[in-house]
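Take a look at the structure set out below.
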Protein chains: 2
Amino acid sequence: MIKEETIRSIPEPTLRRVPSYCQVLLGLAEQGQEYVSCTQLSEALHIDPTLIRKDIALAGATGRPKVGYLTRDLHRQLENFLGWNNARDAILVGAGSLGSALMGYKAFDQYGVNIVMAFDTDPEKVGRKIHDVPVLPLTRMPNLLERMKVHLGILTVPAEYAQTVGELMVMNGILAIWNFAPLALKVPEGIIVQNEDLFSSLGILSSKLAAVLKNEDDHFKEGER
Amino acid sequence: MIKEETIRSIPEPTLRRVPSYCQVLLGLAEQGQEYVSCTQLSEALHIDPTLIRKDIALAGATGRPKVGYLTRDLHRQLENFLGWNNARDAILVGAGSLGSALMGYKAFDQYGVNIVMAFDTDPEKVGRKIHDVPVLPLTRMPNLLERMKVHLGILTVPAEYAQTVGELMVMNGILAIWNFAPLALKVPEGIIVQNEDLFSSLGILSSKLAAVLKNEDDHFKEGER
DNA sequence: TAGATTGTTAATCGATTAACAATC
DNA sequence: TAGATTGTTAATCGATTAACAATC
């Protein structure tokens with residue numbers, strides 16, 4: 001009998017850090033470094049080495065005291081852990097400038113994702129191929145999704161259509177949505193949404209900068225007195 | 001004498017939630033709703049109402065028991081808190097497909113950011129305007145940055161140039177970098193970097209989906225026995 | 001008034017960091 | 001061996017949630 005605990009999900013922060021380990025590991029492996037230590041990863045990424053060790057442990061990889069981890073093995077194990085080893089098909093809706101830019105990034109393959117089709121309502125775009133990805137009319141999506149068993153959807157339509165299109169995706173078997181529309185998509189329980197709200201992201205950066213500049217300013221004034 | 005504590009910086013999670021409050025508030029204000037309660041925001045965003053109240057308190061806004069907050073006032077105060085009320089100039093380096101897509105989003109104005117110039121090394125792009133933003137040769141960046149006192153930079157160059165261009169930005173007065181290259185930019189102490197690594201973002205989503213599908217699969221097998 | 005809501009203090013929870021034994 | 005490093009347990013820290021008095 002499997003204990004409930006076994007299904008405890010991976011902490012979000014770990015999931016966000018592991019890709020950066022992969023990236024550094026790949027670089028080191030290419031430089032021909034056979035073994036790698038947490039200390040080394042820590043220095044490259046400015047992350048506490050203990051934390052890295054815990055993340056690695058969560059991924060199920062083990063190392064050898066004094067020696068470290070086998071660089072290539074660790075890299076492979078972390079990719080495995082993320083499920084990036086065998087590519088997952090995805091569809092994209094909204095072949096505008098952002099959508100097209102995304103389709104252009106062939107590197108997605110490396111990250112376990114493969115955009116197989118795009119959909120749009122604009123007759124100008126439909127029927128063409130953008131970066132090798134065929135653009136089809138949105139009306140054909142339900143039928144095709146059902147046949148192809150795709151579960152991952154990328155949503156790059158204007159904000160006002162996002163909710164409707166999102167619902168259409170979910171109705172046809174999409175279980176995870178990568179949402180670029182600047183709004184909180186309402187989805188049924190169990191559907192995974194990752195909001196990639198670029199506007200607020202930049203806004204947050206800008207507000208951090210404002211805080212820094214304000215601080216400097218205050219210090220300056222303080223010095224004046 | 002100002003106490004040190006006064007400068008305690010805003011928690012990152014708060015900074016990430018506040019934009020979503022703004023968005024909902026704007027919607028409600030446009031619908032003509034005069035007052036809004038945390039309960040209402042909570043329902044719209046699936047965030048605990050106490051948490052929302054704390055975030056609002058951090059932003060310095062106050063409401064009235066039983067009544068709530070004045071919708072428009074709260075919206076304005078939160079925007080103020082984020083520093084989105086008066087636009088900050090930014091430059092963009094790398095006028096490729098992603099960079100162009102970003103320049104096309106006029107909505108950045110609303111989020112307190114205004115892209116004033118772009119730089120690229122491609123002679124095909126230099127001299128043109130993309131979505132009203134002039135594209136200039138990268139060699140002119142140092143001079144122009146110094147003159148214009150811009151502190152916010154958007155980095156949309158291919159990964160292999162990111163570190164070099166990032167350093168060039170920092171050398172010329174950029175204090176905050178919005179980095180789209182899939183690597184951890186090395187910057188001096190005090191420079192703010194926000195990594196918008198789209199590849200790993202999608203990768204994380206994909207791995208969450210993998211976990212869900214695996215779970216379902218396990219349950220299925222369990223049922224079989 | 002009664003009930004809803006704010007604002008705040010205390011409790012809980014989870015993630016990070018520190019400490020340290022085991023190991024090569 | 002000595003020193004570095006893993007793996008793990010305990011302590012700390014910060015963010016979230018619960019509890020509740022104040023208020024309209």
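Note: hydrogens, waters and symmetry copies are ignored here, and every other heavy atom, side chains too, is used. Naming: A, B, ... by sequence-line order, numbering from 1 per chain.
Of all non-hydrogen atoms in B:Val24 and B:Ala44, the two that sit nearest each other are CG1-CB, 4.1 Å.
Using a 4.5 Å cut-off on side-chain heavy atoms (C-beta onward), B:Leu213 and A:Leu175 make contact.
Although no hydrogens or angles enter the test, the distance criterion places no donor-acceptor pair under 3.5 Å between the side chain of B:Gln194 and the main chain of A:Leu202. For B:Thr156 (side chain) and B:Leu98 (main-chain N/O), no donor-acceptor pair under 3.5 Å exists by modelled atom type.
Ring orientation note: the planes of A:Phe199 and B:Tyr111 are close to parallel, at an angle under 30° on the 30°/60° scale. Ring geometry, B:Phe108 versus B:Trp178: the interplanar angle exceeds 60°, so the pair is classed perpendicular (tilted spans 30 to 60°).
What separates CG of A:Leu51 from C1' of D:dA10 is a distance of 16 Å, to the nearest Å. The nearest whole Å value for the distance from the CD atom in A:Glu12 to the P atom in D:dA15 is 16 Å. Summarising the geometry, the separation between OH on A:Tyr35 and P on C:dC24 is reported as 12 Å, rounded to the nearest angstrom. B:Arg17 places its CZ atom 16 Å from the P atom of D:dG14, with the value rounded to the nearest Å. Taking atom CG on B:Asp48 and atom C1' on C:dC13, their separation rounds to 13 Å, with Å as the unit. Separating the CG atom of B:Leu58 from the C1' atom of D:dA15 is a distance of 11 Å, rounded to the nearest angstrom.
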For this session: Apply the test side-chain contact (heavy atoms from CB on, under 4.5 Å) to residues B:Leu102 and B:Phe180: give CA-CA distance (whole Å), side-chain angles for both, the deciding distance (0.1 Å), then the verdict.
Result: CA-CA 11 Å; B:Leu102 292 178; B:Phe180 282 84; 3.7 Å; yes
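Distance CG/B:Asn195 to CG/B:Leu185: 7.0 Å, rounded to 0.5 Å.
Contact annotation: A:Arg16 does not reach the phosphate of C:dA15 (side-chain N/O to OP1 or OP2, under 4.0 Å).
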Exercise. Would you write out the dot-bracket form of DNA chain D, 5' to 3', with Watson-Crick and G-U pairs under 3.5 Å, [ ] for crossing pairs, | for pairs to other strands and . for unpaired bases?
Worked result: ..||||||||||||||||||||||
Collect all protein-nucleotide pairs involving nucleotides 5-9 of chain D in which both atoms are nitrogen or oxygen and the distance is under 3.5 Å.
| unit_1 | atom_1 | unit_2 | atom_2 | d |
| --- | --- | --- | --- | --- |
| D:dT5 | O4' | A:Lys66 | N | 3.4 |
| D:dT6 | OP1 | A:Cys38 | N | 3.1 |
| D:dT6 | OP2 | A:Arg53 | NE | 3.2 |
| D:dT6 | OP2 | A:Arg53 | NH2 | 3.0 |
| D:dG7 | OP1 | A:Gly63 | N | 2.8 |
| D:dG7 | OP1 | A:Gly63 | O | 3.2 |
| D:dG7 | OP2 | A:Tyr69 | OH | 2.8 |
| D:dT9 | O4 | A:Lys54 | NZ | 3.4 |

